[in-house]
Number of protein chains: 2
Amino acid sequence: MTREMMIGDAAKAAGCSVPTIRYYESVGLLAEAARTAAGHRSYRRQDVERLTLIRRCRDFGMSINQVKTLIAIRESPSSCDNALEAVTLHREQLNARIADLKALDRALALIVARCEADCAGGASSCCTIYDDLAVA
Amino acid sequence: MTREMMIGDAAKAAGCSVPTIRYYESVGLLAEAARTAAGHRSYRRQDVERLTLIRRCRDFGMSINQVKTLIAIRESPSSCDNALEAVTLHREQLNARIADLKALDRALALIVARCEADCAGGASSCCTIYDDLAVA
DNA sequence: TATGCGGCCTCAAGTAGCTTGAGGTGCAAG
DNA sequence: CTTGCACCTCAAGCTACTTGAGGCCGCATA
């Protein structure tokens, strides 16, 4: 059993699509893959591990650039604290985003409540929802 | 005092940028604006109200298509319940998104905790963060 | 009168992170 | 020999705008 695999199997192993792998290569997140005689990309175990790391970071909502940074930290002779810091910063952004979305939902809840109390079932042309939404 | 205003003032009044207004027009969210003799777009009070409604809906995280739907409901002889339903659906999507982000944050919190306990300050090349992130 | 400035105009391209499609090659099985 | 699959490249499409190039119009100032 060789350890080399083609792009389709690498995609299955890492849980992403084939064009996504080519895209990651094109933006420099993945080094240019080795090629077989036929010109097909060939991947080894460590390539698939890296791909899995990238895909998981993306699942966690990190941007391509954040993932690039994290990988660069790992590959430089730096301290673990740097990776910790990058992930912690990402958590902060995540929590800020959550707070924003919650505030939006609370505002929408008020608007919905007023419509239900004052005009539900009436004509949409005079529904309070539109007035409430348009408050600058 | 005329009630007509040019695009710059409309943008200020509605709280969006000038190119954004032109963009909304180009995608059919706003009807084609009237023009002055010089070919400049001209807006009246009700145009600015509609623009404000659009901008607010977008602030609330609705997509262009959701806003289109909401405006279409308002302008059709339908019941207020339809608008209520559209906004309620959007709230459900919002809450699903919030739940997803919270789950991500909890997963990242565990990863951070393990790094802090086991390897913080060590070399990033053997940091548990990378292994934990790459768990498929 | 010249000239500079601000606001408007159009059209095109850039942003993120991919996906989708067109058109073509290589290899193995039937 | 032909069918079919997996691979290849390059280009365009998606969302919601922003940014930039290049140009017109009218007013105010030197």
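In what follows, every chain begins at residue 1, and chains take the letters A, B, ... in the order their sequences are listed.
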Pick the nucleotide of DNA chain C nearest each of Arg58(A) and Lys12(B); which residue has the one closer to the 5' end? Lys12(B)
Atom-pair distance (OH on Tyr23(B); C1' on dT10(C)), nearest Å: 17 Å
Please give, in whole Å, the distance from dG17(C) P to Ile21(A) CD1? 17 Å
Find the distance Gln66(A):CD to dA16(C):P and express it as a whole number of Å. 13 Å
Keeping Asp105(B) on the side-chain end and Leu101(B) on the backbone end, is there a donor-acceptor pair under 3.5 Å? no
In whole Å, I'd like the distance from the OH atom of Tyr43(B) to the P atom of dG7(C). 16 Å
Per nearest nucleotide of DNA chain D, the residue lying toward the 5' end, Arg35(A) or Ile64(B), is Arg35(A)
Could you tell me whether a side-chain N or O of Thr88(A) sits under 3.5 Å from a main-chain N or O of Leu84(A), the two making a donor and an acceptor? yes
Donor-acceptor check, side chain of Ser124(A) to backbone of Cys127(A), threshold 3.5 angstrom: yes or no? no
Side-chain N,O (Ser17(A)) to OP1/OP2 (dC18(C)) below 4.0 Å: no
Keeping the roles fixed (side chain from Ser17(B), backbone from Thr20(B)), state whether a donor-acceptor pair exists under 3.5 Å. yes
Rounded to the Å, how far apart are Leu30(A) CG and dC18(C) C1'? 15 Å
Rounded distance (Å) that lies between atom C1' of dC18(C) and atom CG of Leu51(A): 14 Å
Under 4.0 Å from OP1 or OP2 of dC18(C): is there any side-chain N or O of Arg55(A) that close? no
Along DNA chain D (nearest heavy atom to each residue), the more 5'-positioned of Thr20(B) and His40(B): Thr20(B)
Please confirm whether the backbone N or O of Ile7(B) pairs with a side-chain atom of Tyr43(B), one donor and one acceptor, at under 3.5 Å? no
Let me know the distance between CD of Glu4(A) and P of dC7(D), rounded to the nearest Å. 15 Å
Using a cut-off of less than 4.0 Å, is there contact between a side-chain N or O of Arg22(B) and OP1 or OP2 of dC9(C)? yes
Counting side-chain heavy atoms from CB outward, which of dC9(C), dC8(D), dT19(C) is closest to Arg41(A)? dC8(D)
Ile7(B) has its side chain closest, among dT19(C), dT18(D), dC9(C), to dC9(C)
Glu25(B) atom CD is separated from dC17(D) atom P, nearest whole Å, by 15 Å
Tyr24(A) side-chain N/O to dC18(C) phosphate OP1/OP2 under 4.0 Å: yes
